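Keep in mind that what you see is a predicted model, and the values were worked out from it rather than measured. Order of listing sets the numbers, starting from 1, for every ligand and every atom in it.
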Amino acid sequence: IPASVATLQYKLRSEPEKIQLQIINELIAVGDAGLAVLMEFLLERQPGLDQGRSSKTPIKVVEAAVYQALFNTRATQVVDFLQQHFPTGTVPLRSQHNLDYAPLQQILAKQEFEAADKSTIQKLCELAGSAAVQRKWIYFTEIESLASVDLQTINALWLAHSNSRFGFSVQREIWLGVGKNWDKLWEKIGWKSGNNWTRYPNEFTWNLSAPRGHLPLSNQLRGVRVIAALLDHPAWFE
Ligand code: UYC
């Protein structure tokens, strides 16, 4: 390995998270030698990926960023490597109801955020039960009983594949930051501008240039009670 790459490899292992995230981009820019370092790093960290997860530290930020950066390259050797060692990413796809979150993970890895948003709504309905699946939307009264594990998995996937920009826990943090004032939340996450609601789907920003907390969406047509129940769910503080 060239000396400069070795230095980056050392820093990737030893620097604080903020620096690690910058090093990832530098290693990607190096090309094959850099990709090899990133793949090795993921393998080293693999046994730890299941541990130390609570709603406070729902994902391993650096591992998720390495995975996503590698995935974005679409380089053949990387595609094969990820397929072999991380076929469903770095977030454990835990579900109390045996729901399969692998499709959502793959859509998010491809950064297809509009499809991921649809898939998320669908999963929430599946979690709520067959009546909600038929209806295609959830009553606020159904939210409370949604399994925390599943909500945490969905949230962790959004965080992992968005550099922690998107996810219910991000929306919750912003909501608490504005004293639970809905109008201030809508402005901050780009769901409303002045008196105008952002129109679904075309006016929403389906990529990482969106404001923090922009996604996933919750339709407000029937009021704020669904999103209120979602952001107040025990999944985020238990
Ligand atoms: N839509 O405006 N939305 C839909 C949002 C509202 C409306 C879906 C978000 C305001 C209608 C999603 C915002 C409103 C439908 C979202 C937003 C409105 C629809 C698809 C900013 C009018 C057709 C999934 C707050 C003033 C379907 C789903 C229907 C759909 C999301 C209109 C994800 C974040 C108050 C007419 N909107 N929605 O849930 O239900 O249907 O009739 O929030």
Side-chain angles (χ1 to χ4, degrees), residues 58 91 95 97 99-148 150-233 235-236:
V91 173
S95 170
H97 299 284
L99 293 190
D100 182 12
Y101 293 108
L104 175 59
Q105 188 276 329
Q106 285 296 301
I107 300 167
L108 283 166
K110 287 187 238 164
Q111 309 278 276
E112 293 170 0
F113 292 111
E114 186 172 353
D117 188 62
K118 287 209 183 84
S119 172
T120 297
I121 293 171
Q122 167 71 21
K123 284 299 172 194
L124 292 180
C125 289
E126 287 174 28
L127 265 184
S130 55
V133 171
Q134 297 250 302
R135 201 190 305 132
K136 294 186 170 25
W137 53 276
I138 356 179
Y139 282 127
F140 75 95
T141 47
E142 291 167 325
I143 300 279
E144 194 178 37
S145 55
L146 299 186
S148 290
D150 290 68
L151 290 180
Q152 287 162 358
T153 297
I154 293 170
N155 186 55
L157 284 171
W158 277 93
L159 293 171
H161 297 287
S162 70
N163 302 326
S164 306
R165 292 188 75 72
F166 300 149
F168 299 122
S169 63
V170 179
Q171 294 168 343
R172 172 179 163 81
E173 182 198 305
I174 299 170
W175 179 60
L176 294 180
V178 296
K180 302 192 177 182
N181 178 310
W182 294 113
D183 279 324
K184 287 186 183 160
L185 177 68
W186 306 151
E187 286 285 342
K188 280 211 184 266
I189 67 178
W191 288 9
K192 205 173 184 180
S193 174
N195 285 326
N196 303 315
W197 290 107
T198 304
R199 297 240 187 115
Y200 181 82
N202 289 340
E203 288 179 4
F204 289 92
T205 304
W206 303 106
N207 59 59
L208 291 175
S209 74
R212 279 186 77 238
H214 192 61
L215 302 174
L217 302 183
S218 305
N219 193 351
Q220 303 308 306
L221 204 54
R222 301 170 192 89
V224 297
R225 286 188 294 185
V226 166
I227 191 171
L230 207 43
L231 300 189
D232 249 340
H233 196 281
W236 320 128

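- For Y139, the ring-ring contact (aromatic ring centres under 6.0 Å, His included) partners two or more places apart in sequence, or in a different chain, are W137.
- Scored by the side-chain hydrogen bond (donor to acceptor under 3.5 Å, both in side chains) test, K188 finds no partners at all (sequence neighbours excluded).
- In this pair, F168 and W236 present their aromatic rings tilted. The plane angle is within the 30 to 60° band.
- For the pair E142 and A132, the tightest heavy-atom approach, listed with the atom from each and the gap, is OE1-CB, 4.0 Å.
- Closer than 4.0 angstrom to ligand 1 lie heavy atoms from I121, W191, W197, T198, Y200, F204, L217, S218, N219, Q220, L221, R222.
- Just one of T153, D150, L104 meets the side-chain contact (heavy atoms from CB on, under 4.5 Å) condition when paired with L99; it is D150.
- Listed by chain and residue number, E114, W206 satisfy the side chain to side chain contact (heavy atoms under 4.5 Å, CB included) test with P201 (two or more places apart in sequence, or in another chain).
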